[in-house]
2 protein chains.
Amino acid sequence: MTKTRRYTQRKRAADREETRLRIVEAAMALHEEIGPSDTTISAIAQRAGVQRLTVYRHFPDETAVFEACTSHWLELNPPPVPTAWEACEGDDERVYAALLAFYRYYRGTQRMWQGAHRDEPKVPAIQGPMAEFRAYLHGVGEEIGKSCAAGGDSRLTITLQHALAFTTWASLESLGLDDEAKADLALAWVQGLER
Amino acid sequence: MTKTRRYTQRKRAADREETRLRIVEAAMALHEEIGPSDTTISAIAQRAGVQRLTVYRHFPDETAVFEACTSHWLELNPPPVPTAWEACEGDDERVYAALLAFYRYYRGTQRMWQGAHRDEPKVPAIQGPMAEFRAYLHGVGEEIGKSCAAGGDSRLTITLQHALAFTTWASLESLGLDDEAKADLALAWVQGLER
DNA sequence: ATTTGAATAAACATGTATGTTCATTGAATG
DNA sequence: CATTCAATGAACATACATGTTTATTCAAAT
């Protein structure tokens, strides 16, 4: 019979937390560099400078790592919020501000979004967050659409929702437009509809 | 010393060709169902009802199968050609006809294009054909842009090129538009710019 | 000084894919 | 009838990822 004794962790707990963070950040970097679906537990461990077993002790499986990874990444890279555009006076200014906010966000985070879109069907762990983000985008498009003079014109709303999508950013990027030009062009689409 | 004798293959050659075709079609079906990057030689062999070794005898490696597969698929699914729209009278009609032609093509071939876009970075064998198709699309957008009243307006051309892309079809599809509504909307973007 | 426990190091079993080798079958060809 | 050869069936070596087990190290906590 061993005597039970209270054992309050202080530095131990902190060390453990730090190891966990190293693992999460290694996973995050790999998700960005080679994409979620190619990110193996072995690679994460190697990158974190940790034994493979250590990863398993912190996370039951790949999905758990990915979840921790996603939420940590979103904390570091928060998507644009409505305050960035809802203060604008005119309709055009508001639409432009929102588009530009998202386009700049996409520029800074393009590798991750590229990979996330690509691997979404294969990696269940990112499907939830992706659906959530899409719903958010959808709502933003709807809100801005309603706030415009043309009221609830569905073509206006749909054009906004399309313009706000990452895939649209990527398409216009590949056509050589910088972020301002992209927002200009998408704004012109919207203005054309309002006529 | 064995006597050499001429040996003209007739049915043998035909049988061999048929086996090759079975392999190519199995690969094609798998590319469509699970995507190029998950399509293994083992799976192709199994699907074709053939030994794995038989696949290796017809194709040196995965890349060779994929190449044969791509060109065969393109023969069966030829992209829209300019004759489908260049006969149209007005600018609007021509733009609409071209957009609709591509949108209907994408609808019929969406699974393959979805997978091709997704796996393009991972599967070298499809990068060539994809680049070729993109160049074709790019040219189509440019031609139609030039043919319009607004002449060589770069925003017009870029909007057309964006509208013709598969990713745009997919984005508008996810927003609930049918192909006619997609073409209508993209046409409205173009018209708005011409103002 | 002793106990606790996070992390290491090394191995094992399992699964899957690749690419290659070899002997065998059996129908097409001469 | 004898020869040719596409395809089979089975095995082998290699590589890599998963998930688990065991014993060991060593600093933190008491």
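Note on B/Arg94 versus B/Asp91: salt bridge recorded, some NZ/NE/NH1/NH2 to OD/OE distance being below 4.0 Å. Under 4.0 Å is where a charged nitrogen must lie from a carboxylate oxygen, and between B/Lys146 and B/Glu142 no such pair does.
Of the listed nucleotides (C/dA17, C/dA7, C/dA27), C/dA27 has the atom at the smallest distance from the side chain of B/Arg12. Set against C/dA7, D/dT8, D/dT18, the side chain of A/Ser42 has D/dT18 as its closest nucleotide. Of the candidate nucleotides D/dT22, C/dA7, C/dT18, C/dT18 has the atom lying nearest to any side-chain atom of B/Tyr56. Ranking D/dA7, C/dA28, D/dA17 by closeness to the B/His58 side chain, first place goes to D/dA7. Picking from C/dT18, D/dT18, D/dA7 the nucleotide with the shortest atom distance to the side chain of B/Thr40 gives C/dT18. The side chain of A/Arg57 lies closest to C/dA6 when the candidates are C/dA6, D/dT20, C/dA28.
At the heavy-atom level, B/Ile41 lies under 4.0 Å from the strands shown only through sugar-phosphate atoms.
Residues B/Asp15 and A/Val50 each lie close to DNA chain C; by heavy-atom proximity, the contact nearer the 5' end of the strand is made by A/Val50. Comparing B/Leu53 and B/Asp61 by the nucleotide of DNA chain C that holds the closest heavy atom to each, the one mapping nearer the 5' end is B/Asp61.
Side-chain to base pairing of A/Arg52 with D/dG19: one donor and one acceptor N or O lie within less than 3.5 Å of each other.
Residue A/Thr54 has no polar side-chain atom (N or O) positioned under 4.0 Å from OP1 or OP2 of C/dA6. Distances shown here put every side-chain N or O of B/Gln51 at or beyond 4.0 Å from the OP1 or OP2 atom of D/dA7.
The NZ-C1' distance, from B/Lys11 to D/dC5, rounds to 14 Å in whole Å. Note: CG (A/Asp38) to C1' (D/dC16) measures 13 Å, nearest angstrom. Between A/Lys122 atom NZ and D/dA17 atom P there is a gap of 15 Å when expressed in whole angstrom units. Separating the CZ atom of A/Arg16 from the P atom of D/dA29 is a distance of 14 Å, rounded to the nearest angstrom. A/Glu18 places its CD atom 16 Å from the P atom of D/dA27, with the value rounded to the nearest Å. Note: CD1 (B/Ile44) to C1' (C/dA17) measures 12 Å, nearest angstrom. Spacing between atom CZ of A/Phe59 and atom P of D/dG19 amounts to 14 Å, rounded to whole angstrom units. D/dA7 atom P lies 18 Å from atom CD of B/Gln46, rounded to whole Å.
Separating the CZ atom in A/Arg52 from the CD1 atom in A/Ile44 is a distance of 12.0 Å, to the nearest 0.5 Å.
Between the A/Thr168 side chain and the A/Leu164 main chain, no donor and acceptor come within less than 3.5 Å of each other.
If you chain together hydrophobic residues whose side chains sit under 4.5 Å apart, A/Trp73 and A/Tyr136 fall into the same group.
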